Peer 1: 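Okay, here's the structure, questions in a sec.
For reference, positions follow the sequence shown, starting with 1. Just follow the structure's listing: the first ligand is 1, and inside any ligand the first atom is 1. Treat the numbers as computed from the prediction; the structure is a model and nothing was measured.
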Amino acid sequence: MAEMLQGFAGTSDDQEFYLLSPPGYKIGATKYVVVLGSVISGVGKGIFSASLGKVLQDKGLAVSPLKFDGYLNVDAGTLNPYRHGEVFVLDDGTECDMDLGNYERFLQKNLSRENYLTSGKIFTMVLDKERRGGYLGKDVQFVPHVTGEIIGFLRELAVKQRADVVLVEVGGTVGDVENSYFIEAMRELAYAEGEGNVCFVNVTYIMEPPSTGEQKSKAAQLGVKRLQGQGIQPHVVVCRCPTPLEQKVREKVSVHSNVPLARVIGLEDKRSIYEVPAHLRKSGIDQEILRILHLTGKDDSVPAKQWEGFVSRVLQPKHEIVVGITGKYTKVKDSYASILHALEHAGASLDAHVSVKWIETTEIEQGASPDDVLAGVHGIIVPGGFGKRGTEGKIACVRHARERRVPYLGLCFGFQMAVAEFARNVCGLQGANSTELGETPHPVIDLLPEQHGLAKVGGSMRLGGREVKLRAGSLVQKLYGSSTVRERFRHRYEVNPAYIDALTQKGLLFSGEAEGIMKLLELPGHPFFVGTQAHPEFRSRPLEPHPLFVGFVAACQKTDKSGRAAGRDEVRAVQAGD
Ligand code: GLN
């Protein structure tokens, strides 16, 4: 049946089918796991999917994730991190949902634009194709054309990334208007691929209202019914809950959803998200999913053990350090998700737990002393940012770090603020600043050449991976342990070349550059003062912590509570493991 359908590629006017099949696509060669959420959003679908991907990958399967976002934004670059969480940047420059960060971290591989789809992207594809005459003679409809393009997109991904399993995470919750046509596309996908090739997983939520004192599954049952009403019978139900799932609740979900008991599992809140892969293995759901998809997996004990080693270092740290992070979005932890993960990875590699003190820099601007606001932190990070609010406070934090010899890591905007601070307070260039923040007599940070006269906002920054050349003998070159590195970027402004001499004469070392643009800086003689125009946080992985974060956390470990930092040699000794 499935093979027959594939023949109907929608070439004739009277075909009801519009199923795109890229060259080389073979039904059954790639299996699909489709993860759909119900009851509430933010239930942990992304972490579940990434963990499942990791477990399948450990069994020797090539897993390609795809996140679908219902927004009409073509990519996530124009979303507000305060509302939506961090904008994650892939090596190919795609600005996407932060869930892709979880996939990269769990699967330990780079993803690309093929792994991310929004409504905006699909509609742009469909409308462009319509204008090019791609549907000539047809009335272009949601079904089968939009849904057909989605299936085509998934199949392209399967072929291009030679996936054994494509893992589709449908953003939002079943019942949302914006993802309904996408869910319909998934129903059609299962029809077209045939029995045993698509596995639907419903991640739902079990409530525990304090007034009842017990777990309640009614909302979860209704969620499954809603899915069934859309033509999808889940094969697996994952019940997220604050505490371990009670057996009788599990049975209730099973009976009401038509899903065998072995395929209904609980997933209670964990201390660390990295515990979820082991939980899935223990529940046996990995084997159930292999069975549903007629797949076999090889022994996964070696990679599983490696991962568990990391998890136990996360859960049983020997040291505690406190890092102050400044930021405009300090109320929403999600806006800095990758930085928090990078600190966690680096911390685990040094047996340290990193806790964060969020620094509201506007307090400093309103008169609070940086000494008070930053008391007790072992290191300071000024992360990426846009716009003026709180920037004078950020510059005051950089000054504090430089003068008090507190370890400093400036990320993108934090790199630019370090340049402005040095220009003002060391080079005597009063009022030096970035032109992003308004008029300045000393525009030490200015627009990148290609940004002048650019009218378009979306997707127009310098984006994605670039090779950075590192200066021989610099601290960063030692930390990276190589002379070139590939880092990811997302910026519009750069160090103004006209000021490079003035800055370097006073002792600022630009220790990395790409395409003639300064990408890394450091202060020789300071225990750890490093800034980068890049976003190294996007490249940190649990088992491969990022060298700059490792260097920073190691330096923080050598800072005492008063903020006094150790000398640079001592820091190197910590990094060398002495
Ligand atoms: N706003 C700065 C720029 O566009 C920094 C960007 C960032 O921190 N990602 O260059």
Side-chain angles (χ1 to χ4, degrees), residues 75-82 84-91 93-96 98 101 325-330 332 334-340 342 359 361 380-395 397-398 408-421 423 432-438 440 443-466 468 487-497 499 510 512-521 530-540 548:
D75 59 40
T78 50
L79 289 175
N80 178 354
Y82 191 80
H84 189 77
E86 151 188 285
V87 177
F88 194 81
V89 181
L90 303 179
D91 186 76
T94 302
E95 296 172 285
C96 57
M98 57 190 286
I325 304 185
T326 69
K328 173 168 158 179
Y329 310 113
T330 49
V332 179
D334 274 359
S335 3
Y336 301 110
S338 290
I339 296 175
L340 301 179
I359 310 293
T361 49
I380 298 168
I381 291 181
V382 175
F386 294 82
K388 195 166 171 54
R389 197 179 87 92
T391 52
E392 287 304 314
K394 289 181 191 177
I395 290 177
C397 291
V398 179
Y408 176 74
L409 183 60
L411 303 170
C412 204
F413 197 64
F415 162 89
Q416 298 175 351
M417 292 299 95
V419 171
E421 191 281 326
N433 214 343
S434 165
T435 52
E436 178 182 359
L437 311 174
T440 162
V444 288
I445 303 292
D446 200 5
L447 270 184
L448 283 157
E450 76 265 19
Q451 297 287 327
H452 289 281
L454 212 70
K456 204 175 89 174
V457 174
S460 64
M461 283 188 252
R462 192 166 283 218
L463 287 166
R466 300 278 198 287
V468 179
E487 288 291 357
R488 298 185 193 174
F489 294 87
R490 181 173 189 250
H491 64 122
R492 247 184 215 108
Y493 294 81
E494 62 159 331
V495 178
N496 185 340
Y499 286 92
F510 286 110
E513 60 177 274
E515 301 154 335
I517 294 169
M518 300 304 116
K519 300 290 196 189
L520 281 150
L521 65 76
V530 172
T532 173
Q533 185 65 80
H535 287 280
E537 67 272 23
F538 295 148
R539 289 203 315 120
S540 178
L548 294 186

Peer 1: Among all the protein's non-hydrogen atoms, which is closest to atom 7 (C) of ligand 1, and how far away is it?
Peer 2: Cys412 SG, 3.0 Å
Peer 1: Below the 3.5 angstrom mark, is there an N/O of Leu411, backbone or side chain, next to an N/O of ligand 1?
Peer 2: no
Peer 1: Rounded to the nearest 0.5 Å, what separates atom OH in Tyr336 from atom CG in Leu411?
Peer 2: 10.5 Å
Peer 1: I'd like to check whether Gln533 has a polar contact with ligand 1, where a contact means an N/O of the residue lying under 3.5 Å from an N/O of the ligand.
Peer 2: no
Peer 1: So if I count the atoms of ligand 1 from 1 in the order they appear, which ones are less than 4.0 Å from some heavy atom of Glu436?
Peer 2: 1 (N), 2 (C), 3 (C)
Peer 1: Stepwise, does the salt bridge (Lys or Arg N to Asp or Glu O under 4.0 Å) test hold for Lys519 with Glu487?
Peer 2: CA-CA 9 Å; Lys519 300 290 196 189; Glu487 288 291 357; over 6 Å; no
Peer 1: Among all protein non-hydrogen atoms, which one is nearest to atom 10 (O) of ligand 1, and what is the separation to 0.1 Å?
Peer 2: Tyr493 N, 2.9 Å
Peer 1: Report the nearest protein non-hydrogen atom to atom 5 (C) of ligand 1: residue, atom name, distance rounded to 0.1 Å.
Peer 2: Gly385 O, 3.4 Å
Peer 1: If you measure from the Lys or Arg side-chain nitrogens to the Asp or Glu carboxylate oxygens, is any gap between Arg492 and Glu436 under 4.0 Å?
Peer 2: no
Peer 1: Identify, by atom number and element, the atoms of ligand 1 in contact range of His535, meaning under 4.0 Å from any of its heavy atoms.
Peer 2: 9 (N)
Peer 1: Sub-3.5 Å donor-acceptor pair from the side chain of Arg462 to the main-chain atoms of Glu494, do we have one?
Peer 2: no
Peer 1: Counting the benzene-type ring for Trp, do Phe413 and Phe386 have ring centres under 6.0 Å apart?
Peer 2: no
Peer 1: I need the contact type for Gln416 against ligand 1. Using non-hydrogen atoms and a strict under-4.0 Å cut-off, is it side chain, backbone, both or neither?
Peer 2: side chain
Peer 1: Which of the atoms in ligand 1, numbered in the order shown and given with their element, are less than 4.0 Å from a heavy-atom of Arg490?
Peer 2: 6 (C), 7 (C), 9 (N)
Peer 1: Check each atom of ligand 1 against the heavy atoms of Gly384 and keep those under 4.0 Å away; list them by number with element.
Peer 2: 8 (O)
Peer 1: Taking only residues two or more places apart in sequence or in another chain, which ones pass side-chain hydrogen bond (donor to acceptor under 3.5 Å, both in side chains) with Ser338?
Peer 2: Glu86, Arg105
Peer 1: Under 4.0 Å from any heavy atom of Arg492, which atoms of ligand 1 are there?
Peer 2: 3 (C), 4 (O), 10 (O)
Peer 1: Okay, side chain of His491, backbone of Tyr493: is any donor-acceptor separation there less than 3.5 Å?
Peer 2: yes
Peer 1: Is Val444 close to Ser434 at the side-chain level, that is, under 4.5 Å between some pair of heavy atoms?
Peer 2: no
Peer 1: If we set the cut-off at 4.0 Å for heavy atoms, which region of Met461 has an atom near ligand 1: side chain, backbone, both, or neither?
Peer 2: neither
